[in-house]
Amino acid sequence: MVHGANSIKKQLEWATKNLFSISCSAGLDSEVLLAFCLNKNRSYLLTWPEKELTAEQLECFREIIKKRLQPQPVAYLTGSREFYSMELNTTPDTLVPRPETELIVDTVLDLLADLDSPQILEMGTGTGAIALALKKYKPKSNVLATDFSQGALDVARSNATKHDLTISFEESNWYQHVPERKFDVIVSNPPYIAEDDPYLSQGDLPAEPIMALSSGETGLEALEVIIQDASSYLNKDGWIVLEHGYNQQQQVVEMLEKYGFNSIKTLTDYNDLPRVSLGLKI
Ligand SMILES: C[S@@+](CC[C@H](N)C(=O)[O-])C[C@H]1O[C@@H](n2cnc3c(N)ncnc32)[C@H](O)[C@@H]1O
């Protein structure tokens, strides 16, 4: 079959070729963005490759590909990203939730398997991804989620409403406004990239909020603040669970030892990289 220049197939080929220079998922990005402009799902594109785009659809696609080339992350352009089978609103105020972060949710759900209505504190919630996933799969839990960014908290609140999940939110510089009560788990995916790491200027990262990515010179600053005071907010037999860089396992484990945690473990992500460390308060 012959496909015209304005057909779905030809437009996807054009966009994919253009996006190769900035994205390692150029084909997928093109499909997601075209599906967004057509208000259809990706399977529609594969079912109707010969379908011609209208002038309005073509304009939407040209514009959105131009923005992707800046580069702006796909999740900011479509306004959403899937995490733990939930569609989450995502804006430039929030980190784009990463698939690797699903590991921290799996880990916490395993740790809390025997508690019916656990008390959970998530610090640095961003879109609310971790807090929402925990509440969804542990519906009787009591979840408090914090962030220092009011913009991120607005997005997290909108996501809680969208998914009909009841979560308490608090604007807080780490523990500053966390009420003096005890939790069964403190979980966080804090900013952990060193401020001079060249990775910060690569790919989509320059478009994401710097406070979501880096907390200082070594990248370990936020992790230490969180670990240092965690014991005062944890019940006996409570856990701290932290995501960190693949190269920070040793330092994080040493910090957990230094601040008195037990049964310390590090888990690897789907790429077999050490990503999540946890410790028990006894
Ligand atoms: C790596 S992002 C994680 C976002 C989300 N939890 C996720 O996993 O997708 C770190 C989050 O910590 C927040 N943050 C940075 N500094 C903070 C601080 N001093 N106190 C509280 N939250 C902070 C950022 O605004 C950001 O939302």
Side-chain angles (χ1 to χ4, degrees), residues 73-76 80-109 120-136 143-160 163 165 167-179 185-195 197 199-200 203-230 233 240-246 248 252 269 275-277:
V74 172
Y76 293 167
S80 73
R81 169 56 52 100
E82 191 180 311
F83 181 84
Y84 227 81
S85 306
M86 289 180 296
E87 204 62 39
L88 298 181
N89 299 335
T90 308
T91 77
D93 281 314
T94 62
L95 184 93
V96 178
R98 310 291 204 260
E100 306 88 270
T101 300
E102 296 193 347
L103 173 64
I104 208 169
V105 177
D106 293 339
T107 308
V108 173
L109 290 175
I120 300 173
L121 169 62
E122 194 223 341
M123 285 197 285
T125 196
T127 55
I130 296 172
L132 267 76
L134 292 173
K135 180 68 184 175
K136 181 172 174 189
V143 183
L144 171 62
T146 69
D147 208 289
F148 200 25
S149 156
Q150 192 55 60
L153 283 173
D154 290 344
V155 176
R157 281 195 185 94
S158 76
N159 281 321
H163 292 280
L165 294 168
I167 289 175
S168 306
F169 292 100
E170 190 71 55
E171 185 182 353
S172 180
N173 182 1
W174 302 129
Y175 294 98
Q176 196 177 19
H177 296 135
V178 174
V185 68
I186 296 175
V187 55
S188 187
N189 170 21
Y192 52 70
I193 305 175
E195 66 189 8
D197 191 323
Y199 181 59
L200 282 174
D204 291 351
L205 267 72
E208 295 187 277
I210 188 67
M211 76 180 287
L213 298 169
S214 177
S215 60
E217 204 177 326
T218 65
L220 294 162
E221 291 81 354
L223 284 157
E224 180 142 27
V225 172
I226 293 168
I227 295 172
Q228 196 172 344
D229 286 338
Y233 291 88
I240 180 163
V241 186
L242 299 161
E243 182 171 323
H244 52 73
Y246 69 91
Q248 292 171 329
V252 174
D269 67 13
R275 273 290 183 181
V276 167
S277 290

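Just so you know, ligand 1 is whichever comes first in the structure, and atom 1 is the first atom listed for that ligand. Note: hydrogens, waters and symmetry copies are ignored here, and every other heavy atom, side chains too, is used. If you read the sequence from its start, that first residue is 1, and numbering goes on from there.
- In terms of protein heavy-atom proximity, atom 21 (C) of ligand 1 is closest to Ser172 O, 3.2 Å.
- Remark: the backbone N or O of Pro179 is not paired with any side-chain donor or acceptor of Tyr233 at under 3.5 angstrom.
- When each atom of ligand 1 is checked for a heavy atom of Ile130 under 4.0 Å away, the hits are 6 (N), 8 (O).
- For ligand 1, the polar-atom distance check against Val96 finds no nitrogen or oxygen pair separated by under 3.5 Å.
- In this structure, atom 1 (C) of ligand 1 lies nearest to the protein heavy atom Ala212 O, 2.9 Å.
- Summarising the local packing, CD of Glu217 is surrounded by 12 or fewer heavy atoms from other residues, nucleotides or ligands at distances under 6.0 Å.
- Contact annotation: Met211 has at least one heavy atom less than 4.0 Å from an atom of ligand 1.
- Remark: side-chain polar atoms of Tyr76 are not paired, donor with acceptor, to backbone N or O of Thr90 under 3.5 angstrom.
- Remark: minimum distance from atom 25 (O) of ligand 1 to any protein heavy atom is reached at Asp147 OD1, 2.6 Å.
- Rounding to the nearest 0.5 angstrom, the gap separating the CD atom in Glu170 from the NE2 atom in His177 is 7.5 Å.
- At under 3.5 Å, a nitrogen or oxygen of Trp174, whether backbone or side chain, sits near a nitrogen or oxygen of ligand 1.
- Of all the heavy atoms of Leu95, the ones lying under 4.0 Å from any atom of ligand 1 belong exclusively to the side chain.
- At under 3.5 Å, not a single nitrogen or oxygen of Ser149, backbone or side chain, sits near a nitrogen or oxygen of ligand 1.
- Within the 4.0 Å heavy-atom criterion, both parts of Asn189, backbone and side chain, lie near ligand 1.
- The protein heavy atom nearest to atom 22 (N) of ligand 1 is Phe148 N, 3.3 Å.
- Here the side chain of Arg275 pairs a donor or acceptor atom with the backbone of His244 at under 3.5 angstrom.
- In this structure, atom 5 (C) of ligand 1 lies nearest to the protein heavy atom Thr125 O, 3.3 Å.
- Remark: the backbone N or O of Leu153 is not paired with any side-chain donor or acceptor of Asp147 at under 3.5 angstrom.
- Regarding atom 11 (C) of ligand 1, its nearest protein heavy-atom neighbour is Gly124 O, 3.5 Å.
- Residue contacts with ligand 1, taken as heavy atom pairs separated by less than 4.0 Å, do not involve Ala222 at all.
- In this structure, OG1 in Thr218 is found 11.5 Å from CG in Asp197, a value given to the nearest 0.5 Å.
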Check the pair Ser214, Glu195 against side chain to side chain donor-acceptor pair (under 3.5 Å), reporting the backbone distance first and the verdict last.
CA-CA 6 Å; Ser214 177; Glu195 66 189 8; 5.1 Å; no
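- Those atoms of ligand 1 that come under 4.0 Å of a heavy atom in Thr101, given as number and element, are 8 (O).
- Of all the atoms in ligand 1, the ones that sit under 4.0 Å from a non-hydrogen atom of Gly126 are 4 (C), 27 (O).
- Within the 4.0 Å heavy-atom shell around ligand 1 one finds Glu122.
- Glu221 places a side-chain N or O within 3.5 Å of a backbone atom of Gly219 that can act as its donor or acceptor partner.
- Under the 3.5 Å distance criterion, the side-chain polar atoms of Glu208 are left unmatched by any main-chain donor or acceptor of Leu213.
- A donor-acceptor pair under 3.5 Å is formed between the side chain of Asn159 and the backbone N or O of Thr127.
- Remark: ligand 1 atoms within the under-4.0 Å shell around heavy atoms of Asn173 are 18 (C), 19 (N), 20 (N).
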